[in-house]
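I have placed the structure first, in the form of structure tokens, so that the comments after it can refer back to it.
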Amino acid sequence: MGKILVTGGLGFIGSHTVVELQNEGFDVVIIDDLSNSSIDVLDGITSITKITPIFENFDLKDKPKVQAFFKVHQDIVGVIHFAASKAVGESVEKPLLYYENNINPLIYILQELQKLEASNFIFSSSCTVYGQADDLPITENAPIKKAESPYGNTKQIGEEIIKDTCLVSPNLNAIALRYFNPIGAHESTKIGELPIGVPQNLVPFITQTAIGIREQLSVFGDDYPTPDGTCIRDYIHVVDLAKAHVVALQRLINKTNTLNYETFNVGTGTGSSVLEVIKSFERVSGQKLNYKIANRRAGDIISAYADTTKANDELGWKAELTLDDAMSSAWKWEQQIKKNN
Ligand code: WQD
């Protein structure tokens with residue numbers, strides 16, 4: 001099947017994708033600087049697939065190291081690039097850290113891929129590029145609006161860099177996957193989301209509240225123009241999201257892509273409100289969640305959920321797991337973390 005480089009492969013989505021790549025018979029090399037992950041994740045992956053990926057621990061901002069890596073690994077048939085900083089709020093406080101960390105490594109990797117006879121590149125993008133879309137569900141043709149944060153801007157700029165490079169590099173084939181809201185954990189509870197510090201995202205905050213790490217969940221606003229007043233998002237199980245990366249990579253390797261730069265929305269196609277997510281958690285865990293209604297969070301969009309027709313029809317991929325599946329796996333993972341500590 002061939003050797004795949006997964007940057008950020010010890011991260012939340014990266015580790016789940018490594019498992020699915022190995023399940024499909026690919027050999028995986030991970031580059032991760034461990035700035036937002038743990039070396040224990042390597043054991044987690046191995047305990048699931050019984051195959052230990054090659055792991056190289058260095059910072060992709062170190063251009064000579066990136067060049068040296070590609071000199072050694074000339075047999076790479078594909079790259080999935082997850083490594084990036086992803087906290088929206090932090091990006092507002094530290095824009096240069098985000099521009100340097102999310103753009104420079106992308107450029108260095110593309111420069112190496114341009115040298116190869118043929119290369120296949122999957123980019124971790126985000127529905128953030130759409131901002132608050134005018135029409136729902138959101139299709140890939142929705143206008144790209146001015147980013148709401150430096151983080152979102154790095155995803156928009158990243159897509160533009162890849163598109164422009166593909167225009168002059170017929171040997172380079174790329175797909176940008178625009179994730180909606182990844183949640184949940186692998187059914188084995190060997191890998192999952194490991195937020196550092198106070199979780200910014202809804203689902204880890206819910207499970208940490210339920211397990212007693214956090215006092216109470218604040219629901220950021222219930223006065224939005226939505227059926228129950230809380231914001232709507234498209235929550236996709238991280239395993240479904242991981243499988244979408246494998247399918248996208250196989251599309252490029254098998255040369256069934258129609259253009260050498262394509263974008264796909266990766267979501268369930270269903271929107272769920274914050275209160276619906278809480279109800280899902282209570283249903284699958286059998287326990288009430290301690291939450292209160294608080295003020296709106298600056299920068300939040302009202303509603304976003306994917307039109308997944310393109311991924312369904314052209315990738316032959318569709319999310320199979322439900323919100324309850326995802327919440328149940330997230331809860332089991334949180335309980336496993338407590339057991340391990
Ligand atoms: C979801 C909803 C909050 C926490 C972000 C990034 C996006 C992607 C996923 C990287 C919102 C509400 C949250 C809480 C709450 N990250 N909420 N109380 O903001 O949709 O997306 O993470 O790619 O790029 O923007 O996800 O989980 O932070 O929030 O009420 O304690 O939950 O207001 O409506 P978001 P989120």
Side-chain angles (χ1 to χ4, degrees), residues 8 11-14 17 36 81-92 98 101-102 123-133 136 138 144-145 147-156 158-159 176-184 193 195-210 213-238 241 245 265-268 271-281 289-306 323 326-327 330:
F12 174 38
I13 305 167
T17 303
N36 190 24
H81 183 45
F82 290 104
S85 303
K86 61 159 197 165
V88 172
E90 183 187 47
S91 77
V92 176
Y98 272 68
N101 198 46
N102 291 9
F123 179 61
S124 166
S125 190
S126 167
C127 63
T128 300
V129 301
Y130 299 116
Q132 175 57 70
L136 294 170
I138 304 172
I144 302 299
K145 293 189 171 178
E148 312 256 337
S149 69
Y151 161 75
N153 207 20
T154 65
K155 290 303 179 183
Q156 290 181 357
E159 288 193 6
L177 295 180
R178 293 170 176 169
Y179 310 157
F180 280 69
N181 287 57
I183 63 169
E193 195 167 3
I196 294 175
V198 179
Q200 297 306 303
N201 296 135
L202 176 65
V203 172
F205 206 108
I206 286 177
T207 56
Q208 288 193 7
T209 301
I213 297 172
R214 305 292 159 207
E215 184 64 32
Q216 181 182 50
L217 170 77
S218 294
V219 172
F220 296 142
D222 70 343
D223 57 352
Y224 285 96
T226 62
D228 66 16
T230 62
C231 296
I232 291 170
R233 296 288 185 274
D234 185 334
Y235 296 95
I236 177 169
H237 195 300
V238 65
L241 178 59
H245 288 78
N265 287 341
V266 188
T268 64
S272 301
S273 73
V274 175
L275 291 179
E276 285 171 330
V277 174
I278 292 171
K279 286 194 187 70
S280 170
F281 173 78
L289 185 76
N290 179 11
Y291 70 91
K292 68 176 179 183
I293 304 299
N295 293 331
R296 293 182 174 192
R297 178 173 69 175
D300 271 339
I301 57 170
I302 302 166
S303 182
Y305 52 95
L323 178 63
M327 293 309 291

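None of the values given here were measured: they were computed from a predicted structure. Start at 1 and go down the list; that is how both ligands and their atoms are numbered.
No side-chain donor-acceptor contact under 3.5 Å links N36 to the backbone of G11. With hydrogens and angles ignored, the 3.5 Å screen pairs a side-chain donor or acceptor of N265 with a backbone N or O of I138. Listed for the D234 side chain is a donor-acceptor partner under 3.5 Å among the backbone atoms of T268. Formation of a donor-acceptor pair under 3.5 Å by the Q132 side chain with backbone atoms of I302 is found in this model.
Across all their heavy atoms, I206 and L289 have their closest contact at O-CD1, 3.6 Å. Shown here for R178 and E159, the closest heavy-atom pair between the two residues is NH2-OE1, 2.6 Å. Closest of all the heavy-atom pairs between K155 and F123 is O-CE2, 4.0 Å. Here the shortest heavy-atom pairing between F205 and P199 reads CD1-O, 3.4 Å.
Atom 34 (O) of ligand 1 has C231 CB, 3.0 Å as its closest protein atom, hydrogens excluded (heavy atom only). If you check which protein heavy atom lies closest to atom 18 (N) of ligand 1, you get S218 O, 2.8 Å. In this structure, the protein non-hydrogen atom closest to atom 35 (P) of ligand 1 is N181 ND2, 3.5 Å. The nearest protein atom to atom 10 (C) of ligand 1, hydrogens excluded, is given as Y151 OH, 3.1 Å; this is a heavy-atom distance. Of the protein's non-hydrogen atoms, the one nearest atom 20 (O) of ligand 1 is R233 NE, 2.6 Å. Remark: minimum distance from atom 17 (N) of ligand 1 to any protein heavy atom is reached at F220 CD1, 3.7 Å. Looking only at protein heavy atoms, the nearest one to atom 27 (O) of ligand 1 is L202 N, 2.8 Å. From the protein, the heavy atom lying nearest to atom 24 (O) of ligand 1 is T128 OG1, 2.7 Å.
By the criterion of a heavy-atom distance under 4.0 Å, the side chain of L217, and not its backbone, is placed next to ligand 1. Contacts with ligand 1 closer than 4.0 Å are made by side-chain heavy atoms of D300 only, the backbone lying farther away. Counting heavy atoms under 4.0 Å from ligand 1, residue Q200 touches it through the backbone alone.
Protein heavy atoms come within 4.0 Å of atom 7 (C) of ligand 1.
Neither side chain, Y151 nor E90, offers a donor N or O lying under 3.5 Å from an acceptor on the other.
Near V219, with a cut-off below 4.0 Å to any heavy atom, the atoms of ligand 1 are 30 (O).
For F12, the closest heavy-atom approach to ligand 1 does not fall below 4.0 Å.
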